[in-house]
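Just so it is clear, the structure is predicted and the values come from calculations on it, not from any experiment.
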Amino acid sequence: MATTQTDGGRSNQKKRTRTAIVTAARELIGTGAEVTMPAIARAALVSEATAYRYFPDLPSLIGEALADAWPAPADALQPVAHCADPVERVAFACEFLLRGILVREGAVRAMIAATITRPETARTRPGIRFGLIDQALSPVEDTLGAAAPAAFAQLKRDLAVAVSAEALFCLTDLCGLDPDEAVASAVRTATTLTEAMVRRTARR
């Protein structure tokens, strides 16, 4: 009986430690500050080695911390649920994503940096953009998508480039735009791509 109680106590302690690490990561992400494993460990009151015992790398920890941070695509686009215009819907989706990235900027930058140096971990990234793009274009899936499936698939790939953290940081870091200007520029690119595809399909 004593052994069972001891094992149960250790299991509970491990759960509490893991929860403390994830909670600390989530709180640090919420500040928008730089997110590192040492900073998370300090906030969780554990050693960095302990944090790494629970999470093998920073992307896996950030991924778990962000698991419930984003709403489902349909919920995110609820304000434009009444609208069937793909251009307006894509514009909303793009701004929604990029504003959310700015709120979580430190975590997003850390995730990108880690997965660039270790491409095999890229699938730990949430991929929020893809769900938002699919949802934004869903009203025309059976019309534009059916009329020009290859072009429709290419539009989604094009939008995955424009509706992204990478595009946002290119605009702020390399082009020198402030965050609002960067968001507006990315939205303009995304809507231009969508409008062009709609016009091409309409001429067929």
[X] with [Y], same ILVMFWY side-chain cluster at under 4.5 Å:
X	Y	result
L102	L177	no
L159	L171	no
L66	I112	no
I29	L97	no
M197	F130	no

Do [X] and [Y] touch side chain to side chain, with heavy atoms closer than 4.5 Å?
X	Y	answer
V90	I133	no
D180	R99	yes
D173	R109	yes
T172	D178	no
F152	L137	yes
F169	V108	yes

(Q) Between T17 and Q13, is there a side-chain donor-acceptor contact under 3.5 Å, judged purely by atom types and distance? (A)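 A donor-acceptor contact under 3.5 Å links the two side chains.
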So which heavy atom on [X] is nearest to which on [Y], and how close?
X	Y	result
L98	A186	CD1-CB, 3.4 Å
A65	A25	CB-CB, 3.9 Å
V198	P86	CG2-CG, 3.9 Å
L168	A182	CD1-CB, 3.7 Å
I101	W70	N-CH2, 3.8 Å
L132	A76	CD2-CB, 3.8 Å

Q.
Using a strict threshold of under 4.0 Å (side-chain N to carboxylate O), is an ion pair present between E64 and R26?
A.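 Judged by the 4.0 Å cut-off on N to carboxylate O distance, R26 and E64 do not form a salt bridge.
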Q) Is it true that R129 and D134 make a salt bridge, defined as a side-chain N closer than 4.0 Å to a carboxylate O? A)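 Salt bridge absent between R129 and D134.
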Supply the atom-to-atom distance [X] [atom1] to [Y] [atom2], rounded to the nearest 0.5 angstrom.
X	Y	atom1	atom2	result
T19	K14	OG1	NZ	14.0 Å
I128	R104	CD1	CZ	8.5 Å
I21	R18	CD1	CZ	8.0 Å

Q. Can you check whether C83's main-chain N or O pairs, donor with acceptor, with R89's side chain at less than 3.5 Å?
A.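 Side chain of R89 to backbone of C83: a pair is present.
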Q) So, does R42 use its side chain to make a donor-acceptor pair with the main chain of E48 at under 3.5 Å? A)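 It does not hold such a pair.
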Side chains of residues 53-61: which donor-acceptor pairs under 3.5 Å do they make with residues two or more places apart or in other chains?
| from | atom 1 | to | atom 2 | distance (Å) |
| --- | --- | --- | --- | --- |
| R53 | NH2 | T50 | OG1 | 2.9 |
| D57 | OD1 | S60 | N | 2.9 |
| D57 | OD1 | S60 | OG | 3.0 |
| D57 | OD2 | R118 | NH1 | 3.3 |
| S60 | OG | D57 | O | 2.8 |

Q) Counting only heavy atoms not in E181, do more than 12 fall under 6.0 Å of its CD? A)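 Count over threshold, so yes.
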(Q) Take a 6.0 Å sphere around CG of D75 and say whether it holds more than 12 heavy atoms from other residues, nucleotides or ligands. (A)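 Yes, CG of D75 has more than 12 neighbouring heavy atoms, counting only those of other groups under 6.0 Å.
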Q: Apply the test side chain to side chain contact (heavy atoms under 4.5 Å, CB included) to residues F96 and L77: give CA-CA distance (whole Å), side-chain angles for both, the deciding distance (0.1 Å), then the verdict.
A: CA-CA 8 Å; F96 175 86; L77 269 67; 5.6 Å; no
